[in-house]
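The structure appears below as structure tokens.
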Amino acid sequence: MGLSPDALDAVAWGELTTGDAPAETVADTLRRLALAGAAATDEDCRPLYCLFPRESQQPPSATPVAVPFLLALASDPAMGARLTLIGILVDLLELPGLLAQNRPAVLSLLTDPDPAVRRAAAPLAHTAGALLERWRDETDRSVRFELLNQWHEDEDVEAAAVVADALAGDDPALYVAAVLASTDRDLPARHFERLITVLTDPALRPRFADIWYLPGIDEACGREHLIERVFWVFWRSMQRPDLEIAFPLRLLTAAEQSGDTPLCRTALDLAWSTLTRRHATDPALLPAVGPLLDHPSPAVRQRAANLLAGLGPAAAPYADRLAALLDDDGADPYLNGTVGELARWALLRIGDPRGLPGLAERLRRQKEEDWAQTNDLSGPRRPEIVHVLAPLRAHAEVLLPELREALRRSDPRGAARGLLDALAAWGPDAAPAAPDVLPLLHDSFTAHHAMNVLEAIGPAAAPLVRGLRLPDDEHRRRLEWIAEPGPTIHRSADQLRRLVATTDYSLRIDAAAALWELTGRPGPSVAAVTEYILPITGAEPNYYLFDLALRTVIRIGAMNPAIRSALLAARRSGLRLSGKPGYEAILEDEARRALIDQALACPDVDASAEGEPMDVRVRTGRGGDAGALVRLAGQVEQWFGAMVDDPGFHEAVARQLARGTALVAVAGERVVGGLLVGRRPPVCHLHWLVVDEDVRGLGVGRALVAEALARCADGVETVEVVTFGADHPGAVVSGARVFYERLGFLPAEAAEPGPEGGSRQVYRRLP
């Protein structure tokens with residue numbers, strides 16, 4: 001079977017579309033593949049990826065037309081890129097309708113004489129019936145293994161019987177595949193002991209050698225890769241942290257008893273993966289990993305040193321052994337860093353000064369020499385310069401002479417930036433290095449990093465930079481600030497409040513801190529940064545600006561209940577508080593947990609200290625108050641949607657004023673707050689509460705609600721208000737939910753979203 005040139009030429013390709021190329025490209029690629037035959041390569045197939053739909057789009061019109069031609073090429077025994085074409089088809093035939101339209105050609109792939117083709121095409125069986133048919137006829141173990149893998153979401157009775165037979169059978173590879181294929185979520189845990197026995201038995205290892213293949217890989221993956229697959233089940237599918245750590249530890253025990261070095265390497269890699277994802281695994285890992293520093297395999301010693309570096313101070317009992325490995329050049333050729341390099345980092349993480357001599361120059365050479373950097377950032381690798389040096393600020397006096405020399409010798413495109421970042425982390429302690437930093441202001445690769453160092457040094461750098469001229473506007477402004485330091489935000493309280501209410505990201509946090517410095521009132525500033533702290537407890541935690549916001553809370557010296565609750569939940573989490581891979585997850589987690597502990601020592605905002613209550617009186621609104629209420633509406637449009645320019649809002653205010661159901665708070669002759677009330681016994685509704693931003697936190701809102709409750713009492717059983725949902729930014733900035741809770745309202749059912757699209761929730765209380 002092969003591609004028909006006449007059929008290909010009969011297609012009006014110019015009238016079809018693809019994801020990102022002319023459809024004629026597909027036709028040209030198919031022709032080239034047919035002509036190349038056995039010489040066709042994976043690279044020759046690359047243009048065909050334009051047949052995939054872009055995100056959230058329908059399949060290109062060329063895709064269903066091209067699929068039969070792809071099947072024809074993939075079915076040709078003389079085609080050199082068969083497996084690549086099948087891989088493309090496996091993904092394309094997931095698109096609606098395409099599999100059914102091409103069923104006969106697909107079935108021919110499933111019965112192809114070449115087991116590699118049958119393995120690659122196994123996902124195309126798709127239904128329980130087709131899988132069972134192939135299972136009954138299949139004799140190749142590697143294909144049967146792949147067929148089992150396709151049953152992982154199938155609950156067909158006959159398919160379940162196949163899985164049960166494999167579980168009870170004596171083929172170890174098919175047994176493991178059946179464990180992975182079972183729809184019984186808890187089965188891997190129940191089979192934990194047998195899995196350990198099967199996967200660690202040296203006599204059974206050869207029976208895994210030719211059984212499991214991955215798409216695009218010509219050679220079988222073998223036992224170690226299958227062990228990793230089982231491990232991911234305990235992590236991703238079952239969410240069993242106890243088994244996630246127990247699994248590599250049991251593998252290590254078995255490897256030690258049998259002298260199985262490949263198993264030991266795999267177990268250490270899995271232990272590292274767990275350590276970078278889960279907090280507080282130190283007690284279990286340390287006694288299992290420490291003795292492996294004496295292992296005869298350099299690849300094992302390298303991984304052991306790396307794990308001890310991850311464990312940090314907990315690895316102190318092995319400091320002497322680590323120090324003895326500082327000159328060990330052994331390494332795994334597939335990983336980055338030698339045993340000695342990782343042992344040195346482990347010593348430094350412990351705080352042992354034996355790792356300090358020659359450190360800066362070693363780091364410079366490591367960065368600038370021609371060494372292969374691993375592409376797997378999650379695996380063992382030697383750390384970046386800044387991650388080694390930044391925590392060593394206490395040793396700055398010892399390290400600075402060598403660091404300055406390393407900086408002078410560094411390539412701006414190599415080690416210089418890492419050395420500069422470390423100096424910036426040392427702050428004023430880096431001041432002696434300022435003369436060596438100045439030349440790097442004139443190189444585009446290092447100017448930003450050098451500027452960070454000078455800013456971190458502070459006033460001591462000012463005399464050195466006065467009179468310097470830089471062409472870049474941003475760098476020039478930063479240089480001027482270093483030369484003549486001053487407050488970063490020169491604004492009045494009113495301007496800062498508006499920034500807090502209307503800006504976002506780091507500027508909002510800076511404005512909140514400046515507002516606190518200016519007014520001495522922590523409440524509004526803490527409320528403004530809360531939204532950047534709460535996402536740490538979400539299903540997918542967001543750490544963007546978390547550190548900056550939390551440092552602001554620490555600087556202010558106060559927090560609120562929402563922040564405290566989020567921080568306590570984060571501290572209880574067994575997961576690393578980081579979105580980074582590898583060792584950086586450990587470092588970020590340690591730093592964030594230290595920040596959290598520091599922040600939790602801060603008291604909650606004392607509402608009574610937010611300012612003396614204003615001398616206000618609350619009265620029924622009058623027609624002449626409409627303009628004042630519209631003015632106040634303009635201060636909260638970002639939370640409630642457009643009102644100032646909305647005729648409907650103006651009409652509603654006029655209607656409430658005419659009915660006498662609007663309350664206003666007046667300070668002197670100025671309206672500083674308003675509340676619209678709807679009384680329909682047995683329920684009284686508080687429709688809209690607003691307080692002038694200049695007097696928030698001074699009891700105006702409390703006075704308005706108190707007057708409304710007094711007026712609603714007769715014949716009313718409950719009082720309701722609809723306020724922001726817990727996830728709405730306005731809930732944090734305005735403090736509305738906390739405000740109502742302090743007045744005795746309790747959160748109830750969800751309400752319809754507000755006009756701006758944000759969530760809403762009913763709060764209810766007895767009058």
Side-chain angles (χ1 to χ4, degrees), residues 386-387 390 421 424-425 427 448-449 451-452 455-456 474 478 481 487-489 491 495-518 522-571 573 575-581 584-602 605 638-639 724-735 737-738 758-759:
V386 64
H387 296 141
D421 291 343
H448 176 77
H449 302 263
M451 199 75 70
N452 290 342
E455 286 181 342
E474 179 189 352
R478 293 179 68 187
W481 185 89
T488 58
I489 297 181
R491 291 182 171 91
Q495 289 174 309
L496 291 171
R497 289 190 188 98
R498 189 166 296 279
L499 278 175
V500 167
T502 60
T503 60
D504 209 344
Y505 309 120
S506 59
L507 178 58
R508 181 178 192 173
I509 297 174
D510 290 342
L515 180 63
W516 165 72
E517 290 182 341
L518 191 61
S525 296
V526 170
V529 303
T530 303
E531 68 174 286
Y532 301 103
I533 295 174
L534 299 188
I536 196 173
T537 59
E540 296 183 3
N542 184 352
Y543 303 103
Y544 180 61
L545 294 179
F546 171 85
D547 299 344
L548 178 61
L550 197 56
R551 287 192 180 96
T552 300
V553 167
I554 294 169
R555 178 179 167 192
I556 293 172
M559 67 167 64
N560 58 34
I563 293 177
R564 187 174 300 280
S565 176
L567 296 184
L568 289 172
R571 191 167 66 172
S573 172
L575 298 175
R576 295 290 183 187
L577 305 180
S578 173
K580 297 284 184 68
E584 290 183 68
I586 298 174
L587 300 184
E588 277 199 350
D589 177 73
E590 291 173 349
R592 288 202 174 110
R593 288 180 185 274
L595 274 180
I596 287 171
D597 288 343
Q598 192 177 353
L600 286 171
C602 299
V605 172
Q638 72 274 17
W639 301 329
F724 305 114
D727 61 342
H728 193 296
V732 176
V733 178
S734 70
R737 292 170 66 89
V738 174
S759 64

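If you're wondering where the values come from, they're calculated on a predicted model, not measured in any experiment. Position 1 is the first residue of the sequence, and the numbers go up from there.
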- request: Would you please name every residue forming a side-chain hydrogen bond (donor to acceptor under 3.5 Å, both in side chains) with S578, sequence neighbours left out?
  value: E588
- request: Not counting sequence neighbours, which residues clear salt bridge (charged side-chain N to carboxylate O under 4.0 Å, His left out) with D589? List them please.
  value: R576, R593
query: For residues 554-567, which residue pairs qualify under salt bridge (Lys or Arg N to Asp or Glu O under 4.0 Å), counting only residues two or more places apart or in two chains?
result: E517-R555, R564-D604
Those residues that, when tested against S565, pass side chain to side chain contact (heavy atoms under 4.5 Å, CB included) (two or more places apart): none
message: Which residues pass the side chain to side chain contact (heavy atoms under 4.5 Å, CB included) test with A599, not counting sequence neighbours?
response: L550, I554, M559, L567
- prompt: Within a strict 4.5 Å, meaning less than it, do heavy atoms of the V553 and I556 side chains meet?
  reply: no
statement: Residues at least two apart in sequence or cross-chain that pass side chain to side chain contact (heavy atoms under 4.5 Å, CB included) with H387, listed by chain then number, are P383, E384, Y583, E584, L587
query: How many angstroms lie between atom OH of Y544 and atom OG of S506, to the nearest 0.5 angstrom?
result: 6.0 Å
message: Listing request: all salt bridge (Lys or Arg N to Asp or Glu O under 4.0 Å) pairs with a residue in residues 542-551, at least two apart in sequence or in separate chains.
response: D547-R592
query: Can you list the residues that meet the side chain to side chain contact (heavy atoms under 4.5 Å, CB included) rule with P581, with sequence neighbours excluded?
result: L377, S378
OG1 on T537 to CG on L577, rounded to 0.5 Å: 11.0 Å
message: So does F724 get a backbone contact from the side chain of R737, meaning a donor-acceptor N/O pair under 3.5 Å?
response: yes
field: CG-CD distance between L545 and E531, expressed to the nearest 0.5 angstrom
entry: 9.5 Å
Side-chain touch L600/L568, heavy atoms, less than 4.5 angstrom: yes
- request: With rounding to the nearest 0.5 Å, note down the distance linking CG in L534 to CZ in F546.
  value: 9.5 Å
task: Please tell me if the side chains of L548 and Y505 come closer than 4.5 Å, counting only heavy atoms from C-beta onward.
output: no
task: Go through the structure and list residues passing side-chain hydrogen bond (donor to acceptor under 3.5 Å, both in side chains) with E455, not counting sequence neighbours.
output: R478
- prompt: If only atom types and distance count, is the side chain of S525 paired as donor or acceptor with the main-chain N or O of W516 below 3.5 Å?
  reply: yes
Which atom of P541 lies closest to which atom of Y543, heavy atoms considered: CB-OH, 3.5 Å
